[in-house]
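Start at 1 and go down the list; that is how both ligands and their atoms are numbered. Not measured: the values here are computed from a predicted model.
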Amino acid sequence: MRFGAEIWTSAPWPYRPQPLSDELLSSYLIRTAHGLSMRPVTFTNAVWGSRDLLFGQDIDNYAPAAVIDRIATGTGLAPHAILGMTFSPWRDDLDIGERSISRKPWILPVSIVSNDRRRPGLQFCPACFASDPRPYLRRTWRLAFATVCTIHKVEFCDRCPHCRSTLQPHRSPSLRTCYSCGGDLAGAGNQASRRLVTQTRAFEQTLRDGWTDFAGKPIYAYLYFRIVRQIAALLVNGKRAEKLRQAAAAALGGDDVPFNKPNARQPVEYLHVVERRRLFDLVARLLEDFPERFVGICAQAGVWRSHIVKDMGDVPFELDEALCALDRTPYYPTDAEVRAAAEYLRRVKGIATYRELKALCSESRAAIYKYMDYEREQTSPSKRRLEALKILHSQK
Ligand SMILES: [Zn+2]
Ligand SMILES: [Zn+2]
């Protein structure tokens, strides 16, 4: 097709697709370009000029009003429908504000340098691509808490499975083709864990509804997501993160291996999808029966209120209330929890010493003496162990 230059700057475009469900604005523009038999960059340069590279910006994250208006003229769509393809509708519920800067809570950064996407912040579901009549990119794929597809129950990918390139859809011949190796991004995908599918569904539902039930009460989505992000950060960053992961994994299961991250303090949005899956598996375990479980695990790990709310600014009332229990009463892990912690230590360290058990279950001394391993062989039980066993028997 050949058109005069004025068609790109004033008149409606000859091809005007309808936006698809949850479609990203960048995906919509790429599909429009493909429908006009143009390369996306050639198309956007024809409309906006080549001085300001449109794909040199994260237009899903922030689309200037002039860009929105021009797309409205070209497509006949209402401006609010175009804004609806950006992250703008999540402004309040994710507390991401109006700012044009790229770093926002929960939004995965793609770190654009000229037209290049340096970070794998655009995830995809291979099964969505495989079943799409017209492959397209979803807004949900840019969210840090989304690590699995809740429709197909498969794990998200954040790189080409063939060559490990990040997705650069504006440089690909089709939205399901890798720009670098030409490989097909569609496939069956790896099956996701049931826990992650359930938790991700709950997150998505909260974002749709604007509120959720939390600790037995309704809470606004923006407060809920602030609390969830804080719990996730506690598991990743800081001196107590390792203890917290160990205590959580010992009592609730999950993986306590440190997260692969380039800096000591790393926002959760900067973790790659494999690491975020491990992280949100632990987060899901800690959110169950909130706050009792969470408070118990924190007490075991020596994580107190002041550590939890550090750098949080205004502490949501719902979290503050839950953490009161943490300040008032020391947590006594149950007999079963101490036994589980001892088994965990034997599995990962070969031995459950007094010192290590004490670090995990500090306040339950009697149970610690019951389940600990001795580093040297004892000729007769120590006085303290006999006392501990006597207390345990008298409790029955
Ligand atoms: Zn899918
Ligand atoms: Zn590739």
Side-chain angles (χ1 to χ4, degrees), residues 17-28 30-31 33-34 39-41 55 60 84-85 87 90 106-208 271-281 284:
Q18 278 303 306
L20 299 169
S21 169
D22 194 38
E23 183 166 20
L24 280 170
L25 180 58
S26 57
S27 167
Y28 177 78
I30 293 167
R31 284 199 308 117
H34 288 164
R39 285 173 54 234
V41 175
F55 287 111
D60 301 315
M85 290 188 269
F87 306 138
W90 294 334
W106 293 118
I107 303 296
L108 294 173
V110 285
S111 302
I112 301 173
V113 178
S114 70
N115 255 343
D116 195 34
R117 270 92 181 127
R118 298 280 163 92
R119 282 181 195 276
L122 174 59
Q123 316 176 96
F124 64 96
C125 165
C128 278
F129 275 150
S131 62
D132 278 347
R134 286 158 296 182
Y136 70 101
L137 312 168
R138 277 80 166 160
R139 291 190 311 148
T140 321
W141 294 354
R142 288 285 306 274
L143 287 172
F145 61 66
T147 59
V148 300
C149 172
T150 52
I151 298 166
H152 297 101
K153 301 179 190 157
V154 303
E155 296 180 342
F156 279 167
C157 305
D158 63 0
R159 288 174 182 276
C160 166
H162 312 291
C163 74
R164 312 295 304 147
S165 289
T166 57
L167 259 59
Q168 317 257 347
H170 58 295
R171 298 159 85 177
S172 307
S174 115
L175 280 170
R176 59 175 260 187
T177 307
C178 170
Y179 87 103
S180 175
C181 73
D184 192 355
L185 302 172
N190 298 327
Q191 200 181 352
S193 82
R194 199 188 297 183
R195 174 174 288 106
L196 272 178
V197 172
T198 307
Q199 185 62 63
T200 311
R201 275 199 186 130
F203 287 150
E204 289 174 358
Q205 185 73 38
T206 304
L207 192 50
R208 269 195 301 273
L271 297 179
H272 296 176
V273 68
V274 175
E275 295 296 86
R276 272 184 294 111
R277 250 194 299 278
R278 291 203 297 120
L279 172 60
F280 283 100
D281 172 86

Here the vertex angle at the Zn ion (ligand 1) for SG of Cys128 and SG of Cys125, given to 10°, is 110°
Hey, is the main chain of Asp281 close enough, under 3.5 Å, to the side chain of Arg195 for a donor-acceptor pair?
-> no
Can you check whether Phe145 and Trp90 have ring centres sitting under 6.0 Å from each other?
-> no
From the list Arg277, Arg278, Arg276, side-chain contact (heavy atoms from CB on, under 4.5 Å) partner of Leu271 resolves to Arg276
Side-chain donor-acceptor pair under 3.5 Å between Glu204 and Thr150, yes or no?
-> yes
Metal-centred angle, the Zn ion (ligand 2) as apex - SG of Cys178, SG of Cys160, 10° resolution = 110°
N/O/S of His162 less than 2.8 Å from the Zn ion (ligand 2)?
-> no
His152 ND1 and Cys149 SG subtending at the Zn ion (ligand 1) (10° steps) = 100°
